[in-house]
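First listed ligand is number 1; within each ligand, the first listed atom is number 1. These numbers come from the heavy atoms of this one structure, side chains and all, not from hydrogens, waters or symmetry mates.
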Amino acid sequence: MNLTSLKFLGNLRRENNQFAVIGLGRFGRAVCSSLHKMGYEVLGTDIDEKLVTQALTQKIASHAIQLDSTEPEALKEAGIFEMDTVIVAIGNYLQESIITTLNVKEAGVKNVIAKASSEIHGKLLKRVGADRVVFPEHEAGCALAETLTKPAILDRFELDPENSIVEVLVPKEFHDKTLADLNLRSRYGISILAVCSGEKFMTNPAPGQKLKEGSIMIVIGGNKDIEKLPI
Ligand code: ATP
């Protein structure tokens, strides 16, 4: 079975279609090209003309425009305010990052994700309205530690800092047991949203559903409770 082809959590995220990435540094370029490869419409922008040209020649975005994102008029003209999601990928220029985030939120963009390079930067971004603040270096470090110690967790969708939905391999302790036998809600405080049966996911599995070691289950719960699973 090809696990990546199942893309269960990926499909859950497919509700947004149009993205703008402001700032084409290493982080911004990675966001752009990943979204573009997944088939989404992505507009990449940067104040630096060279990076814009590079984004176009390397085909990491559907469109790329040179602009100064601290100028609301420039953002408006580029159509950024009509995007479903805007990613402010300006980590090293505090003032520009804050003003840009303020500009897009004030213009009514629903989903604004901003990159922070320090804790205080993150707090400021929240204050000006960022819907989500990411700390890529910190998060990558934590994720690496987790995959080194918890290889059974295949994917994670953070609902908030305390709660997640995870795609996880069924441990041998759960093999051939039904959900009713396992009683995971009271034992671990988690719920199983779906189990993988063959090539397909079965959502809302019945209490009589048996689990198979090495197959995939989708679990929702507090991070601390998920940690307690024997995986
Ligand atoms: P890394 O490249 O290490 O991932 P980063 O993603 O934090 O770092 P920065 O060094 O913060 O990247 O730069 C992001 C990009 O933002 C740069 O390419 C820079 O030219 C661009 N940028 C800075 N100010 C503005 C602005 N006012 N308008 C548009 N783009 C800007």
Side-chain angles (χ1 to χ4, degrees), residues 10 13 16-148 155-158 161:
R13 297 180 182 120
N16 290 316
N17 296 320
Q18 284 192 313
F19 296 87
V21 176
I22 303 176
L24 296 170
R26 282 176 298 179
F27 174 72
R29 285 202 303 277
V31 175
C32 251
S33 73
S34 301
L35 288 168
H36 190 52
K37 269 190 214 144
M38 286 187 257
Y40 290 104
E41 188 84 1
V42 194
L43 167 65
T45 72
D46 201 286
I47 200 164
D48 183 343
E49 182 75 55
K50 269 198 301 221
L51 290 173
V52 172
T53 310
Q54 199 185 76
L56 288 171
T57 49
Q58 293 177 348
K59 296 194 174 75
I60 61 162
S62 332
H63 317 277
I65 301 176
Q66 187 271 335
L67 56 77
D68 180 350
S69 58
T70 60
E71 292 175 8
E73 231 6 81
L75 294 170
K76 188 176 174 203
E77 240 173 68
I80 295 202
F81 298 155
E82 275 100 68
M83 298 286 166
D84 301 307
T85 300
V86 173
I87 297 107
V88 181
I90 306 176
N92 294 313
Y93 305 85
L94 189 73
Q95 186 173 324
E96 285 77 358
S97 149
I98 304 291
I99 296 173
T100 303
T101 305
L102 182 68
N103 284 342
V104 284
K105 274 321 284 181
E106 276 199 342
V109 174
K110 281 222 177 69
N111 196 22
V112 177
I113 295 127
K115 174 187 169 170
S117 49
S118 67
E119 210 174 308
I120 190 74
H121 186 183
K123 278 188 186 163
L124 289 166
L125 288 167
K126 278 271 175 201
R127 282 285 172 111
V128 295
D131 299 282
R132 183 171 164 198
V133 175
V134 293
F135 301 82
E137 293 84 1
H138 174 79
E139 285 159 19
C142 296
L144 175 65
E146 206 157 288
T147 55
L148 293 173
D155 202 358
R156 180 183 286 272
F157 181 84
E158 274 194 17

Problem - Under 4.0 Å to a heavy atom of A89 - the qualifying atoms of ligand 1, by number - result: 6 (O), 14 (C)
Practice task
Starting from atom 4 (O) of ligand 1, find the nearest protein heavy-atom neighbour and note its residue, name and distance.
Solution key: F27 N, 2.9 Å
Fill in the blank from the handout: Taking only non-hydrogen atoms of G25 and a 4.0 Å limit, the atoms of ligand 1 in range are 2 (O), 14 (C), 15 (C), 18 (O)
Exercise for the section: Using a strict 4.0 Å threshold on nitrogen-to-oxygen distance, state whether D131 and K105 make a salt bridge. Expected result: yes
Problem - Atoms of ligand 1, numbered as shown, that sit under 4.0 Å from any heavy atom of L67 - result: 28 (N), 29 (C)
Exercise for the section: Starting from the C-alpha separation in whole Å, work towards a yes-or-no answer on side-chain contact (heavy atoms from CB on, under 4.5 Å) for L35 and I87. Expected result: CA-CA 11 Å; L35 288 168; I87 297 107; 4.3 Å; yes
Exercise for the section: Between P136 and ligand 1, find which residue part has any heavy-atom pair under 4.0 Å and reply side chain, backbone, both or neither. Expected result: neither
Practice task
Distance to 0.1 Å, residue and atom name: give those for the protein heavy atom nearest to atom 9 (P) of ligand 1.
Solution key: N92 ND2, 3.5 Å
Problem - Sidechain-backbone polar pair: Q66 side chain, I47 backbone, donor-acceptor under 3.5 Å - result: yes
Problem - L51 and ligand 1 - part of the residue with a heavy-atom distance under 4.0 Å - result: side chain
Practice task
Any atoms of ligand 1 less than 4.0 Å from a non-hydrogen atom of D68? List them with their elements.
Solution key: 26 (C), 27 (N), 28 (N)
Problem - Distance from atom 5 (P) of ligand 1 to nearest protein heavy atom, with residue and atom - result: K115 NZ, 3.4 Å
Problem - Closest approach of any protein heavy atom to atom 13 (O) of ligand 1, naming residue and atom - result: Y93 CE1, 3.7 Å
Completion exercise
Separation between CD1 (I22) and CD1 (I65), nearest 0.5 Å, reads 10.5 Å
Fill in the blank from the handout: atom 20 (O) of ligand 1: closest protein heavy atom, distance to 0.1 Å, is D46 OD1, 2.6 Å
Practice task
Considering heavy atoms of the protein only, find what lies nearest to atom 3 (O) of ligand 1 and give residue, atom and distance to 0.1 Å.
Solution key: R26 NH2, 2.8 Å
Practice task
Starting from atom 26 (C) of ligand 1, find the nearest protein heavy-atom neighbour and note its residue, name and distance.
Solution key: S69 OG, 3.5 Å
Practice task
Starting from atom 22 (N) of ligand 1, locate the nearest protein heavy atom and write down its residue, its atom name and how far away it is, to 0.1 Å.
Solution key: I47 CG2, 4.0 Å
Practice task
Please state which part of E96 comes within less than 4.0 Å of ligand 1, counting heavy atoms only: side chain, backbone, both or neither.
Solution key: side chain
Exercise for the section: Keeping the roles fixed (side chain from D68, backbone from A74), state whether a donor-acceptor pair exists under 3.5 Å. Expected result: no
Problem - Polar side-chain atom of D46 near backbone of V52 as donor-acceptor pair, under 3.5 Å - result: no
Practice task
Ignoring hydrogens and angles, tell me if any N or O in the side chain of S97 forms a donor-acceptor pair with the backbone of G91 under 3.5 Å.
Solution key: no
Practice task
Indicate yes or no: does an N/O atom of I90 lie under 3.5 Å from an N/O atom of ligand 1?
Solution key: no
Problem - Contact check, side chains of F19 and V86, non-hydrogen atoms, under 4.5 Å - result: no
Practice task
Kindly say whether K50 contributes a backbone atom to a donor-acceptor pair with the side chain of Q54 at under 3.5 angstrom?
Solution key: no
Practice task
Measure from the side-chain N and O atoms of D84 to the backbone N and O of Q18, and report whether any donor-acceptor pair falls under 3.5 Å.
Solution key: yes
